K.L.:
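Structure in structure tokens, see below.
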Amino acid sequence: MIAVIKPSATAEQKAGLVDWIRSQGVGVHVSEGHDYTVLGLIGDTSRIDMELIASLDIVDSVKRVAEPFKQCSRKFHPDDTVVDVGGVKIGGGHFAMIAGPCSVESREQIIAVAQAVKDAGAKLLRGGAFKPRTSPYSFQGLKDEGIELLLEAKKATGLPIVTEIMNANDLPLFEEVDVIQVGARNMQNFDLLKELGRTGKAILLKRGLANTLQELLLSAENIMIGGNARIILCERGIRTFETHTRNTLDLSAVPALHEMTHLPVVVDPSHATGQARLVEPMALAAAACGADGLMIEVHNDPIHALCDGAQSLTCAQFAGTARKVRAIRGALQ
């Protein structure tokens with residue numbers, strides 16, 4: 001249930017209403033918009049008298065939220081959420097490119113790529129330290145050493161870092177990580193999501209390989225109920241009958257999610273296509289359809305990459321793609 005408060009309401013009147021609602025055993029999330037204040041009622045709202053609240057002079061309207069996700073809903077929070085990561089803003093008209101290798105392989109590699117993507121316009125550095133691989137024989141990542149190398153690259157370039165977590169037990173290793181990524185395979189690892197909800201970290205939540213948008217938002221809800229609303233959603237392609245590409249990039253998810261939720265939405269064309277030559281056109285399409293950012297895999301030597309070299313752009317290719325993305329966004333504006 002949400003209650004929209006009139007602009008004429010005083011702070012004391014709003015606080016009094018919030019206190020009364022909480023006395024009924026229901027949580028309240030307060031969203032201050034440009035004109036109106038929206039009170040989101042969380043929990044069992046069946047005991048709340050809608051007509052009583054609607055009759056108050058300070059209340060403009062009251063309605064129930066039909067969606068099973070509440071805190072993620074745009075009805076609950078009409079204004080776009082802007083996630084600030086070390087001064088880099090994502091959402092609400094702010095666009096950011098996230099770039100870097102699939103896996104951190106060495107100090108020389110990660111620092112070289114970090115400097116190159118920064119020079120090309122990337123605002124955040126991505127790199128895998130823990131790698132969830134289908135085959136147990138594939139490179140599994142450098143783990144805690146990989147995070148240490150990412151932090152060295154951050155110190156050298158100033159770029160905030162994004163890296164994936166696989167197990168809540170590893171959270172102490174992520175204390176200095178700026179954005180914790182939840183991969184597609186862990187989108188419905190609800191125990192992990194709830195642990196991340198108790199952190200103040202920005203979370204990049206990837207859509208699962210075969211999950212609906214509602215399921216994605218319910219996963220985000222599992223983070224938000226812990227008090228953490230710093231969530232960035234990521235469309236990275238879904239599994240369909242098509243085998244020519246690694247996954248099928250669902251770009252319709254971007255405008256659809258913007259209607260459904262206030263959370264920012266970025267697109268990962270690298271994992272979606274699995275082919276470097278397809279990354280640029282899909283990146284441009286994502287920018288054109290309103291994505292709040294892109295996450296692109298970049299390697300200084302893709303042929304010899306230990307992980308996903310086939311979908312990684314070279315540093316020079318990324319620079320060219322970044323220029324075209326800026327041109328697309330400039331044309332739209």
Side-chain angles (χ1 to χ4, degrees), residues 1-3 18-19 21-32 37-45 48 65 67-86 88-92 124 130 132 147 160-208 211-235 257 260-266 292:
M1 182 188 297
I2 60 173
V18 169
D19 288 343
I21 294 172
R22 286 176 175 156
S23 74
Q24 306 303 302
V26 175
V28 183
H29 178 276
V30 181
S31 176
E32 296 282 356
T37 299
V38 177
L39 305 184
L41 281 62
I42 307 165
D44 181 9
T45 59
I48 302 296
V65 178
E67 295 89 350
F69 49 90
K70 306 300 180 185
Q71 297 190 53
C72 290
S73 174
R74 188 170 286 280
K75 294 177 183 176
F76 192 97
H77 189 297
D79 296 329
D80 290 339
T81 286
V82 178
V83 178
D84 190 314
V85 182
V88 177
K89 295 181 178 180
I90 304 175
L124 297 99
F130 294 82
I147 292 180
I161 58 174
V162 182
T163 194
E164 182 172 350
I165 192 169
M166 293 172 57
N167 193 311
N169 293 332
D170 293 323
L171 263 173
L173 299 174
F174 287 73
E175 286 184 3
E176 296 182 73
V177 171
D178 300 286
V179 181
I180 299 178
Q181 175 181 314
V182 177
R185 292 174 177 85
N186 271 320
M187 191 205 85
Q188 291 185 305
N189 183 342
F190 299 118
D191 288 339
L192 173 61
L193 299 180
K194 288 171 183 174
E195 284 295 324
L196 295 175
R198 288 188 273 271
T199 74
K201 295 286 187 182
I203 309 297
L204 190 145
L205 179 62
K206 285 196 163 188
R207 183 182 181 185
N211 288 107
T212 65
L213 298 184
Q214 178 169 294
E215 289 168 340
L216 172 62
L217 292 177
L218 284 170
S219 289
E221 194 85 2
N222 271 274
I223 300 172
M224 294 185 75
I225 60 173
N228 185 2
R230 301 182 67 211
I231 301 170
I232 303 161
L233 304 174
C234 182
E235 164 58 38
L257 284 170
M260 299 166 73
T261 182
H262 52 91
L263 298 174
V265 183
V266 304
D292 297 298

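Computed from a predicted structure; not experimentally measured.
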K.L.:
Working note: I161 + V179, criterion side chain to side chain contact (heavy atoms under 4.5 Å, CB included); need CA distance, chi angles, decisive distance, verdict.
P.N.:
CA-CA 6 Å; I161 58 174; V179 181; over 6 Å; no
K.L.:
Would you give the length of the straight line joining atom CD1 of I225 to atom SG of C72, rounded to the nearest 0.5 angstrom?
P.N.:
10.0 Å
K.L.:
Identify which one of N211, L217, T212, L216 satisfies the side chain to side chain contact (heavy atoms under 4.5 Å, CB included) criterion when paired with Q214.
P.N.:
T212
K.L.:
Nearest heavy-atom pair of D292 and V266: which atoms, and what distance?
P.N.:
C-CG1, 4.2 Å
K.L.:
Which pairs count as salt bridge (Lys or Arg N to Asp or Glu O under 4.0 Å) when at least one residue sits in residues 211-232, sequence neighbours excluded?
P.N.:
none
K.L.:
For L196 and N228, work out which heavy atoms get closest and say how close.
P.N.:
O-ND2, 3.3 Å
K.L.:
Where does the angle between the aromatic ring planes of H77 and H29 fall among parallel (under 30°), tilted (30 to 60°) and perpendicular (over 60°)?
P.N.:
tilted
K.L.:
Using the rule given for side chain to side chain contact (heavy atoms under 4.5 Å, CB included), can you reason through N186 versus I165, listing the C-alpha separation, both sets of side-chain angles and the distance that settles it, and then say yes or no?
P.N.:
CA-CA 9 Å; N186 271 320; I165 192 169; over 6 Å; no
K.L.:
Test: salt bridge (Lys or Arg N to Asp or Glu O under 4.0 Å). Region: residues 195-208. Which pairs qualify, not counting sequence neighbours?
P.N.:
E195-R198, K206-D268, R207-E235, R207-D250
K.L.:
If you round to the nearest 0.5 Å, how far is NZ of K194 from CD1 of I223?
P.N.:
11.5 Å
K.L.:
Locate the shortest heavy-atom distance separating L124 from V88; write the atom from each residue and the value.
P.N.:
CD1-CG1, 3.6 Å
K.L.:
Considering all heavy atoms of both residues, which atom of A220 and which atom of L233 are nearest to each other, and what is their separation?
P.N.:
CB-CD2, 4.2 Å
K.L.:
Quick one: CD1 on I203 to CG on L263, what's the gap to the nearest 0.5 Å?
P.N.:
12.0 Å
K.L.:
Do you know the tightest heavy-atom contact between I231 and P264?
P.N.:
O-CD, 3.4 Å
K.L.:
So, does S219 use its side chain to make a donor-acceptor pair with the main chain of M187 at under 3.5 Å?
P.N.:
yes
K.L.:
If you look only at pairs with a residue in residues 160-183, which of them pass as a salt bridge (Lys or Arg N to Asp or Glu O under 4.0 Å), with sequence neighbours excluded?
P.N.:
K154-D178
K.L.:
Say you draw a straight line from CD of E32 to OG1 of T37; how long is it, rounded to the nearest 0.5 Å?
P.N.:
3.5 Å
K.L.:
Closest heavy-atom contact between L193 and L205?
P.N.:
CD2-CD1, 4.1 Å
K.L.:
Between CZ of F130 and CD of Q181, what distance do you get to the nearest 0.5 Å?
P.N.:
13.0 Å
K.L.:
Working to the nearest 0.5 Å, report the span between CZ of F76 and CD of Q71.
P.N.:
5.0 Å
